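Written out below as structure tokens is the structure these notes cover.
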Amino acid sequence: MKVAALALFAVLAAWSIPTEAKLKEGDCEVCIKFLTKFYDGETDPKKVEVKLRKACAAAKKRENRFCYYIGGTEDAATGILQLITKPLSYGKPAEKICEELKKKDAQICDLRYEKQIDLKSVDLKKLKVRDLRKILNDWDEECRGCAEKSDFVSRIEELKHKHMEL
């Protein structure tokens, strides 16, 4: 009887401990960087919201997607700005705010910045075709008639001098 009661107590104790959504290395990369970059020490939550909406209006790519998720863009379907503006105005660190946002909507913390490829040191032949296409796309260039990886590598080598600072 004592063993069963002790086992029940252990299960209940473990179950009642709140599980925290602690951030791992690299989690909420966009959230933390965007909030840190945007916040200037303002203490009025309404002014913080106005500044956040303004920052979201100018945001591009991943940061724009983050703003969409939190309701900072015009076309956003959700609106959880209060979960950001009030804590920010009280001086709460961006890491902690993002940790709480992760509990509400995990996809906020799934956002990551695109990795930049260092063309000076990378061997183009070892990259995937997807990465080679991305390089050309970033340069607003095309590779017409490219069917194989070697075609993409040749095209990048051909355009490298035009798009890279030597």
Side-chain angles (χ1 to χ4, degrees), residues 11-122 124 127-143 152 156 159-166:
V11 168
L12 289 175
W15 183 57
S16 67
I17 296 173
T19 57
E20 295 193 25
K22 292 280 185 191
L23 297 180
K24 298 174 192 155
E25 185 67 34
D27 271 359
C28 296
E29 176 185 10
V30 174
C31 177
I32 293 168
K33 187 170 183 182
F34 184 77
L35 293 181
T36 304
K37 181 174 63 172
F38 139 80
Y39 184 61
D40 62 358
E42 179 64 54
T43 58
D44 181 14
K46 296 211 184 288
K47 289 182 181 177
V48 172
E49 183 174 342
V50 169
K51 288 181 180 180
L52 181 59
R53 286 190 185 276
K54 190 175 181 179
C56 283
K60 304 283 184 220
K61 296 185 179 183
R62 300 287 192 251
E63 292 178 349
N64 181 269
R65 180 59 39 191
F66 167 73
C67 288
Y68 175 80
Y69 289 156
I70 64 170
T73 59
E74 294 293 323
D75 61 341
T78 62
I80 56 174
L81 285 178
Q82 288 359 347
L83 297 175
I84 296 170
T85 56
K86 284 184 181 178
L88 263 181
S89 67
Y90 302 145
K92 192 171 193 175
E95 292 83 4
K96 294 292 182 187
I97 294 170
C98 294
E99 196 173 297
E100 290 179 8
L101 288 175
K102 183 178 182 179
K103 294 175 191 173
K104 295 281 184 192
D105 189 355
Q107 64 185 349
I108 290 173
C109 285
D110 290 341
L111 290 172
R112 305 236 189 290
Y113 287 108
E114 294 175 4
K115 293 180 181 173
Q116 296 299 319
I117 300 170
D118 182 17
L119 291 173
K120 293 178 183 174
S121 62
V122 73
L124 293 174
L127 292 178
K128 295 182 179 180
V129 172
R130 175 185 64 213
D131 295 329
L132 298 172
R133 283 190 177 142
K134 182 187 176 310
I135 292 168
L136 289 171
N137 189 33
D138 289 348
W139 289 347
D140 292 326
E141 297 285 352
E142 293 182 12
C143 191
F152 287 98
I156 291 172
L159 296 168
K160 208 180 221 184
H161 71 281
K162 179 180 173 185
H163 294 283
M164 285 185 52
E165 298 172 12
L166 297 176

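Along the sequence shown, residues are numbered consecutively beginning with 1. Not measured: the values here are computed from a predicted model.
In this structure, the side-chain contact (heavy atoms from CB on, under 4.5 Å) partners of Ile156, at least two apart in sequence or on a different chain, are Leu124, Leu132, Ile135, Leu136, Trp139. Asp138 pairs by the side-chain hydrogen bond (donor to acceptor under 3.5 Å, both in side chains) definition with Lys134, not counting sequence neighbours. With sequence neighbours excluded, no residue forms a side-chain contact (heavy atoms from CB on, under 4.5 Å) with Ala106. Residues passing the side-chain hydrogen bond (donor to acceptor under 3.5 Å, both in side chains) test with Lys162, sequence neighbours excluded: Glu141. Applying the side-chain contact (heavy atoms from CB on, under 4.5 Å) criterion to Asp40, with sequence neighbours excluded, gives Glu42, Lys51. Take Phe66 and apply the ring-ring contact (aromatic ring centres under 6.0 Å, His included) test, not counting sequence neighbours, and it matches Phe34. A search for side-chain contact (heavy atoms from CB on, under 4.5 Å) contacts involving Lys54 returns nothing, not counting sequence neighbours. For Arg65, the salt bridge (Lys or Arg N to Asp or Glu O under 4.0 Å) test picks out no residue, with sequence neighbours left out. Taking the salt bridge (Lys or Arg N to Asp or Glu O under 4.0 Å) definition, one finds that Arg133 meets it with nothing, sequence neighbours left out.
Interatomic distance, Lys120 NZ to Asp118 CG, rounded to the nearest 0.5 Å: 7.0 Å. Taken to the nearest 0.5 Å, the CG atom of Leu83 stands 9.5 Å off from the CD1 atom of Ile97. Separating the NZ atom in Lys96 from the CG atom in Leu88 is a distance of 14.5 Å, to the nearest 0.5 Å. Taking CD1 of Ile80 as the start and CD1 of Ile84 as the end, the distance is 6.0 Å to the nearest 0.5 Å. In this structure, CG in Leu52 is found 7.5 Å from OG1 in Thr85, a value given to the nearest 0.5 Å.
Residue pairs meeting the ring pair (Phe, Tyr, Trp, His ring centres under 6.0 Å) criterion with at least one member in residues 87-115: none, sequence neighbours excluded. Among pairs with a residue in residues 69-93, those fulfilling salt bridge (Lys or Arg N to Asp or Glu O under 4.0 Å) read Lys92-Glu100, at least two apart in sequence or across chains. Sorted by first and then second residue, the side-chain hydrogen bond (donor to acceptor under 3.5 Å, both in side chains) pairs involving residues 28-38 (not counting sequence neighbours) are Lys37-Glu63.
Disulfide status for Cys67 with Cys56: present, SG atoms under 2.5 Å apart. Disulfide criterion (SG-SG under 2.5 Å) for Cys109 and Cys98: not met.
Looking only at side-chain heavy atoms (C-beta outward), Leu101 and Cys31 come within less than 4.5 Å of each other.
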Subject >> Derivation and outcome, side chain to side chain contact (heavy atoms under 4.5 Å, CB included), residues Arg62 and Arg112 >> reply: CA-CA 7 Å; Arg62 300 287 192 251; Arg112 305 236 189 290; 5.5 Å; no

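Closest approach of Pro45 and Thr43 over heavy atoms only: CD-O, 3.4 Å. Ser89 approaches Val48 most closely through the heavy-atom pair CB-CG2, 4.1 Å.
The backbone N or O of Tyr69 lies less than 3.5 Å from a partner atom in the side chain of Thr78, making a donor-acceptor pair.
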